[in-house]
Amino acid sequence: MSRPLLQKMGRFVEFINSGDETIGQEVVSESAVFHVPFSDTPLKGLAGYMQILGMMRSAYPDIQWTLDDTVIEDDRVVAQFTLRGTHEGEFFGVPASGKKIQARAVNIYRFAARKIVEETGLPDLFGIMLQIGAVNPPVAH
């Protein structure tokens with residue numbers, strides 16, 4: 001089962017990098033639940049994921065995700081991504097800085113009928129906030 005899930009993850013990366021809802025319909029279940037670090041309530045279905053993409057693209061219009069590594073077991077995939085983009089819009093209240101960012105995300109997916117039914121997204125928001133100047137790096141003593 002790992003090869004089909006790896007292929008689906010490849011299509012998922014195409015979806016998040018393009019925002020093409022047609023590809024999204026291939027890989028995201030309408031009943032999918034997305035656990036995100038910025039909301040107590042999970043987002044649902046393709047519309048919920050489009051919200052996530054919209055938020056990211058409004059702050060980083062050129063954002064691109066690279067799938068670096070996967071661990072696949074049964075119906076679960078743990079995926080390590082690198083994301084890159086330019087901070088050109090407000091992000092969590094931080095105005096555009098024009099700075100380029102590069103960060104990691106480790107996300108956990110569950111599949112059913114070869115579609116994503118659950119994602120727990122764990123992007124390195126702290127690293128992103130450091131890179132756009134939202135927080136100051138700690139000073140070593």
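Sequential numbering from 1 along the given sequence is applied to the chain's residues.
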Ser31: partners by side-chain contact (heavy atoms from CB on, under 4.5 Å), with sequence neighbours left out: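 Ser31: side-chain contact (heavy atoms from CB on, under 4.5 Å) contacts with Ser29.
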Set of residues satisfying side-chain contact (heavy atoms from CB on, under 4.5 Å) with respect to Met129, sequence neighbours excluded: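 Once residues adjacent in sequence are excluded, the partners of Met129 under the side-chain contact (heavy atoms from CB on, under 4.5 Å) criterion are Phe91, Phe92, Val94, Ile132, Ala134, Val135.
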Summary of salt bridge (Lys or Arg N to Asp or Glu O under 4.0 Å) pairs that have at least one residue in residues 34-58, sequence neighbours excluded: none
Of all pairs that satisfy salt bridge (Lys or Arg N to Asp or Glu O under 4.0 Å), the ones with a partner from residues 60-73, not counting sequence neighbours: none
Co-membership, hydrophobic cluster, residues Ile116 and Leu6, 4.5 Å side-chain: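 Yes; tracing contacts between hydrophobic side chains, which count when under 4.5 Å, links both residues.
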Connected via hydrophobic side-chain network under 4.5 Å: Ile63 and Leu67: yes
Any donor-acceptor N/O pair, Asn107 side chain to Leu122 backbone, under 3.5 Å: yes
Side-chain donor/acceptor of Ser39 to backbone N/O of Val36, under 3.5 Å: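 Checked: no pair found.
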So [Y] and [X], do their side chains get closer than 4.5 Å, heavy atoms only?
X: Leu83; Y: Thr66; answer: no
X: Pro61; Y: Glu88; answer: yes
X: Tyr60; Y: Arg84; answer: no
X: Ile128; Y: Asp124; answer: no
X: Val28; Y: Phe15; answer: yes
X: Lys99; Y: Gln131; answer: no
X: Met9; Y: Phe111; answer: yes
X: Val33; Y: Val117; answer: no

Test log, rule side-chain contact (heavy atoms from CB on, under 4.5 Å), inputs Val71 and Val77: CA-CA 6 Å; Val71 176; Val77 176; over 6 Å; no
Closest heavy-atom pair and its distance - [X], [Y]:
X: Leu53; Y: Gly19; value: CD1-CA, 4.2 Å
X: Val106; Y: Val78; value: CG1-CG1, 3.9 Å
X: Gly93; Y: Glu90; value: CA-OE2, 3.6 Å
X: Ser97; Y: His87; value: OG-ND1, 2.9 Å
X: Leu5; Y: Ile72; value: CD1-CG2, 4.0 Å
X: Pro123; Y: Ala105; value: CA-CB, 3.7 Å

Verdict with reasoning, Val27 to Lys115, per side-chain contact (heavy atoms from CB on, under 4.5 Å): CA-CA 5 Å; Val27 293; Lys115 288 190 174 190; 5.9 Å; no
[atom1]-[atom2] distance between [X] and [Y], expressed to the nearest 0.5 angstrom:
X: Glu21; Y: Leu46; atom1: CD; atom2: CG; answer: 5.0 Å
X: Glu26; Y: Lys8; atom1: CD; atom2: NZ; answer: 5.5 Å
X: Thr82; Y: Gln80; atom1: OG1; atom2: CD; answer: 6.5 Å
X: Arg76; Y: Ile108; atom1: CZ; atom2: CD1; answer: 8.0 Å

Worked check of side-chain contact (heavy atoms from CB on, under 4.5 Å) between Glu119 and Tyr49: CA-CA 10 Å; Glu119 175 196 66; Tyr49 211 86; 3.3 Å; yes
Ring centers of Tyr109, Phe34 separated by less than 6.0 Å: no
Passing option when Leu43 is tested against Met50, His35, Gln51 for side chain to side chain contact (heavy atoms under 4.5 Å, CB included): Gln51
Residues forming a salt bridge (charged side-chain N to carboxylate O under 4.0 Å, His left out) with Glu118, sequence neighbours excluded: Arg110
Within residues 66-86 or reaching into it, pairs that qualify as ring-ring contact (aromatic ring centres under 6.0 Å, His included) - sequence neighbours excluded: Trp65-Phe81
